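So the structure is just underneath, and the comments pick up after that.
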Amino acid sequence: MKGRLAVVGCVGLGAMGGVLASNLVRAGFEVVAYDAAGPARTPLGARWAPGPSDVARAAATVVLSLPDGEVCQEVVRELGTARDRQVTHVVDTSTVGVAAARMLSAMGLAYVDAPVSGGVAGARRRTLMVMYAGTDEDCARVEPVLAG
């Protein structure tokens, strides 16, 4: 791919989220990232953001890798209510379950539920299986990010 791609946000930089963010940097995306644990988890080549609202102002697509549906709901709410937000699409790689995914998809942003299978080792090898669901338009819009 020639040149840099669009800015992608990443929220949640733990074992899986940190590798996903690193993969996006290596794929040529400009990545702006946030983790509640602080900036030390920010992958090389990514830019730290002090909070989810800052990520929402910087990126049109935000990838979540969070521990549960409750945390996802808090973050999606903050993304959606950020002043001067750029974010329009959320790709949720967290495993949140059907009820939480339905709730998250009703929060005002285009939501693609995209849990992954293959673990951290698969993420490092870039061999994860991604099972994603959303509208055809929303899935098509985020496919380059999923491929990254």
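Because the structure is a prediction, the values reported are computed rather than measured.
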When every non-hydrogen atom of Arg41 is compared with those of Asp35, the smallest separation belongs to NH1-OD1, 3.2 Å
**Asked** Is any side-chain heavy atom of Thr93 closer than 4.5 Å to a side-chain heavy atom of Leu20?
**Response** yes
| message | Hydrogens and angles aside, do Tyr132 and Asp113 bring a side-chain donor and acceptor to less than 3.5 Å of each other? | response | no
> When clusters are formed by joining ILVMFWY residues with side-chain heavy atoms under 4.5 Å apart, either directly or through shared neighbours, do Val112 and Phe29 land in the same one?
Replying inline: yes
d(Thr95 OG1, Met16 CE) to nearest 0.5 Å is 8.5 Å
request  = Please step through side-chain contact (heavy atoms from CB on, under 4.5 Å) for the pair Arg47 and Val31, ending with a clear verdict.
outcome  = CA-CA 6 Å; Arg47 181 169 39 105; Val31 174; over 6 Å; no
Applying side chain to side chain donor-acceptor pair (under 3.5 Å), run through Asp138 and Tyr111 and close with a yes or a no.
CA-CA 7 Å; Asp138 293 339; Tyr111 178 82; over 6 Å; no
Note: Val32 and Ala49 closest approach over all heavy atoms is CG2-CB, 3.7 Å
Under 3.5 Å: donor-acceptor pair, side chain of Ser65, backbone of Ser94
no
inquiry  = With side-chain contact (heavy atoms from CB on, under 4.5 Å) as the criterion, how do Val90 and Leu64 come out once you've worked through the C-alpha distance, each side chain's angles and the decisive distance to 0.1 Å?
reply    = CA-CA 7 Å; Val90 172; Leu64 306 180; 3.6 Å; yes
Scanning both residues in full, the closest heavy-atom pair of Ala114 with Val91 reads CB-CG1, 3.8 Å
What one should report as the nearest heavy-atom pair of Val7 and Ala58 is CG1-O, 3.3 Å
message: Please check if the number of heavy atoms outside Glu74 that lie under 6.0 Å from its CD is greater than 12.
response: yes
dist Leu79:CG -> His89:NE2 (nearest 0.5 Å) comes out at 13.5 Å
Sorted by chain and residue number, the side-chain contact (heavy atoms from CB on, under 4.5 Å) partners of Arg85 (sequence neighbours excluded) come out as Ala56, Ala82, Val87, Leu109
Is there a side-chain contact between Thr88 and Arg141 in this structure, where contact means two heavy atoms from C-beta onward sitting under 4.5 Å apart? yes
Between Leu24 and Val63, is a side-chain contact (heavy atoms from CB on, under 4.5 Å) present by the stated rule, with each step listed?
CA-CA 10 Å; Leu24 288 167; Val63 177; 4.3 Å; yes
Check this for me, if you would: do Arg57 and Asp84 make a salt bridge, where the nitrogen-to-carboxylate-oxygen distance has to be below 4.0 angstrom?
no
message = Please say yes or no: joined through hydrophobic side-chain contacts below 4.5 Å, possibly via intermediate residues, are Leu13 and Val11 part of one cluster?
response = no
